[in-house]
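Data block below; observations after.
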There are 2 protein chains.
Amino acid sequence: MLPAQPNQSLMDGLAVLQTVVGHPDGIGTRQMARDLGLEPTRINRLLKTLAHLGLAQQTARRKYRPGPAIHVLAAQALFGSGLLQRAVPHLEKLHRLDLIVALGVLWRDQVCYLYHAAPGMKPSQALGRVGLFPATRSGIGMALLAEQKDLHRFPVAVRSELRQTRARGYALVEPQPGRRERSLGVVIPGGTQAAIALSGVIADQRVEPLVAELRQAAAGIGAEESSPYPRSR
Amino acid sequence: MLPAQPNQSLMDGLAVLQTVVGHPDGIGTRQMARDLGLEPTRINRLLKTLAHLGLAQQTARRKYRPGPAIHVLAAQALFGSGLLQRAVPHLEKLHRLDLIVALGVLWRDQVCYLYHAAPGMKPSQALGRVGLFPATRSGIGMALLAEQKDLHRFPVAVRSELRQTRARGYALVEPQPGRRERSLGVVIPGGTQAAIALSGVIADQRVEPLVAELRQAAAGIGAEESSPYPRSR
DNA sequence: GAGCATTGTTGCTATTATAGCTACGCATCT
DNA sequence: AGATGCGTAGCTATAATAGCAACAATGCTC
């Protein structure tokens with residue numbers, strides 16, 4: 001819902017911040033302008049402003065990457081989100097299944113991982129490890145996309161897959177059909193707009209029990225955020 | 001360094017975002033205006049813009065708190081920062097000392113914790129658990145404040161303490177002198193602008209060995225960010 | 001419940017913060 | 001060396017924004 005007088009500079013500035021944060025090795029001013037469809041001088045001004053705040057910094061090659069204040073933002077966002085803290089105990093229990101265990105959110109048709117643990121990995125190593133991944137090729141992504149109202153903007157094949165996801169109540173993604181590498185995704189109930197997934201080699205008969213595990217974990221995570229208003233802390 | 005044409009809306013909008021993120025139970029428009037010294041209508045407009053982006057949401061009592069897009073920001077900032085991922089293996093090793101183990105950064109004379117583990121706590125439980133804490137009463141805060149160029153803005157007693165911190169090379173804070181509850185803080189070398197700390201009941205003769213532990217951990221964390229430019233990933 | 005104080009927010013409009021254009025020095029590639 | 005693309009400063013027109021006033025909603029006290 002657009003407010004009476006939205007602040008366009010803030011919106012574009014946040015888009016620039018979110019883009020630079022996703023490029024730890026740096027991104028150029030003009031490249032970002034092309035990506036975001038904005039005028040280069042404007043991008044440069046927003047980047048310079050972020051650099052002044054310490055949220056971006058320039059590399060030797062004049063590209064921009066996250067600056068030291070990004071750690072502040074990470075700390076603040078982690079605290080303000082509270083999701084990771086609530087979710088990790090439940091995700092840890094899924095480690096015994098010897099699959100990838102992941103928690104993610106949607107950003108511009110891409111999945112952004114809060115947690116991504118490969119088999120055998122410690123929970124603490126699963127943090128901030130993986131960047132963006134195309135949503136339509138991920139269990140998390142498909143589960144979350146299926147929750148959206150309007151599916152018309154997707155190609156026919158994706159739309160069909162999203163309808164199946166809705167009917168099943170979970171996402172099942174096979175990047176390479178027939179290979180049995182699969183990703184199962186389930187949305188966390190409540191207004192969190194996040195999802196969890198198990199990925200790896202998954203035989204047919206194993207799908208339903210794993211979905212049950214996911215649902216249990218998702219319910220546990222969602223139960224700690226059941227109140228849409230003041231949360232206990 | 002202020003750019004040629006800074007974007008004030010972005011700066012103020014980010015201040016509003018950082019404030020709302022730190023209030024999980026909500027903060028009112030006019031209260032925030034008073035806190036930030038800005039005009040209420042302006043705050044309302046910035047908040048409404050953030051709400052449109054999902055980064056804020058209004059409570060039943062009309063206050064603003066973090067919205068669902070905060071999880072996206074947390075995921076992105078965690079990935080863009082990379083600090084937690086690098087630091088946690090080193091921090092885990094400090095758990096055996098049976099003290100509070102913490103990693104934090106400075107924000108407006110307050111410490112913002114990325115990691116704060118009480119004795120006996122699992123590393124995964126230490127995330128996003130604690131909000132802001134006054135910097136001058138924290139080992140992390142004092143260690144980071146001592147790194148700043150200009151100490152003139154602090155009261156005489158704090159300034160003297162900061163000079164001692166500089167001379168020692170680590171921070172030693174005693175919230176209640178004589179009680180032996182202490183907080184030891186050490187800055188992570190390199191441009192990270194973060195620090196780690198051990199806190200709890202610490203006897204005199206135990207201080208130096210603990211500082212050595214902290215320095216070792218800080219050096220380990222900093223070594224993984226030794227290049228001020230393109231980082232391996 | 002009534003009265004009062006505080007709050008969140010809208011519309012209007014003046015103003016100034018911002019955006020775009022141009023040009024220039026710098027970096028990279030052939 | 002030349003060509004191309006880059007990051008960015010200065011200038012200036014303009015439209016995005018800020019502040020004021022007013023109003024509906026909420027909270028507090030008696």
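Below, each value reflects all heavy atoms present in this structure, side chains not excepted, and no hydrogens, waters or symmetry copies. Residue numbers begin at 1 in each chain, while the letters A, B, ... track the order of the sequences. Remember, it's a predicted structure, so these values are computed and weren't measured experimentally.
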If you restrict it to nitrogen or oxygen atoms, what contacts under 3.5 Å exist between nucleotides 24-26 of chain D and the protein, and what is each distance?
from	atom 1	to	atom 2	distance (Å)
dT26(D)	O4'	Arg62(B)	NH2	3.4

Less than 4.0 angstrom between a side-chain N/O of [X] and OP1 or OP2 of [N], yes or no?
X	N	value
Tyr64(A)	dT8(D)	yes
Gln31(A)	dG7(D)	no
Asn44(A)	dA19(C)	no
Arg34(B)	dT7(C)	yes

Review point. Would Val16(B) and Asp12(B) count as a side chain to side chain contact (heavy atoms under 4.5 Å, CB included) if you check the C-alpha gap in whole Å, the side-chain angles of each, and the deciding distance to 0.1 Å?
Key: CA-CA 6 Å; Val16(B) 168; Asp12(B) 293 335; 5.6 Å; no
Point to revise | CA sep, side-chain torsions, deciding dist, call: Arg153(A), Asp109(A), salt bridge (Lys or Arg N to Asp or Glu O under 4.0 Å) | key: CA-CA 11 Å; Arg153(A) 63 186 181 95; Asp109(A) 292 343; 3.1 Å; yes
Check your understanding: Taking it one step at a time, do Arg108(B) and Val72(A) satisfy side chain to side chain contact (heavy atoms under 4.5 Å, CB included)?
Key -> CA-CA 10 Å; Arg108(B) 291 194 198 144; Val72(A) 179; over 6 Å; no
Revision key, fill the gap. In short, the helix from dG1(C)-dC30(D) to dT30(C)-dA1(D) is bent end to end, axes from five pairs each side, to 10°, by 70°
Rounded distance (Å) that lies between atom [atom2] of [N] and atom [atom1] of [X]:
X	N	atom1	atom2	result
Met32(B)	dT7(C)	CE	C1'	14 Å
Ile43(A)	dT18(C)	CD1	C1'	14 Å
Leu46(A)	dG20(C)	CG	C1'	13 Å
Arg42(A)	dG7(D)	CZ	P	17 Å
Lys63(B)	dT9(C)	NZ	C1'	15 Å
Glu39(A)	dA19(C)	CD	C1'	7 Å

Considering only side-chain heavy atoms of [X], which listed nucleotide, [options], is closest?
X	options	value
Ala4(B)	dG10(D), dG11(C), dG8(C)	dG10(D)
Arg30(A)	dC21(C), dC6(D), dC12(C)	dC6(D)
Gln8(B)	dT18(C), dA18(D), dC6(D)	dT18(C)
Arg45(A)	dT8(D), dA19(C), dG8(C)	dA19(C)
Thr41(B)	dC20(D), dT18(C), dA9(D)	dC20(D)

Exercise for review: Give a yes or no on whether Gln216(A) atom CD has more than 12 heavy-atom contacts from other residues, nucleotides or ligands under 6.0 Å away.
Suggested key: no
Revision key, fill the gap. 5'-most contact on DNA chain C (nearest-nucleotide basis), Ile27(B) vs Asn7(B), goes to Ile27(B)
Can you find a pair of side-chain heavy atoms, one from [X] and one from [Y], that are under 4.5 Å apart?
X	Y	value
Leu47(A)	Met32(A)	yes
Glu92(B)	Lys122(A)	yes
Ile27(A)	Arg65(A)	no

Check your understanding: Across the strands shown, which category fits Lys48(A) at heavy-atom distances under 4.0 angstrom: base, sugar-phosphate, nothing?
Key -> sugar-phosphate
Practice item. Look at all strands and tell whether Gln5(A) reaches a base, only sugar-phosphate, or nothing, counting heavy atoms closer than 4.0 Å. Key: base
Practice item. Take Leu14(B) and Leu50(A) through the side chain to side chain contact (heavy atoms under 4.5 Å, CB included) test and state the conclusion after the steps. Key: CA-CA 10 Å; Leu14(B) 284 168; Leu50(A) 292 177; 3.6 Å; yes
Check your understanding: Is Ser183(B) reaching over with its side chain to a backbone N or O of Gly139(B), donor-acceptor style, under 3.5 angstrom?
Key -> yes
Review point. In terms of side-chain heavy atoms, does Ser9(A) have a donor or acceptor partner in Asn7(B) at a distance below 3.5 Å?
Key: yes
Check your understanding: Relative to the 5' end of DNA chain D, which residue comes earlier, Gly28(A) or Leu10(A), by the nucleotide with the nearest heavy atom?
Key -> Gly28(A)
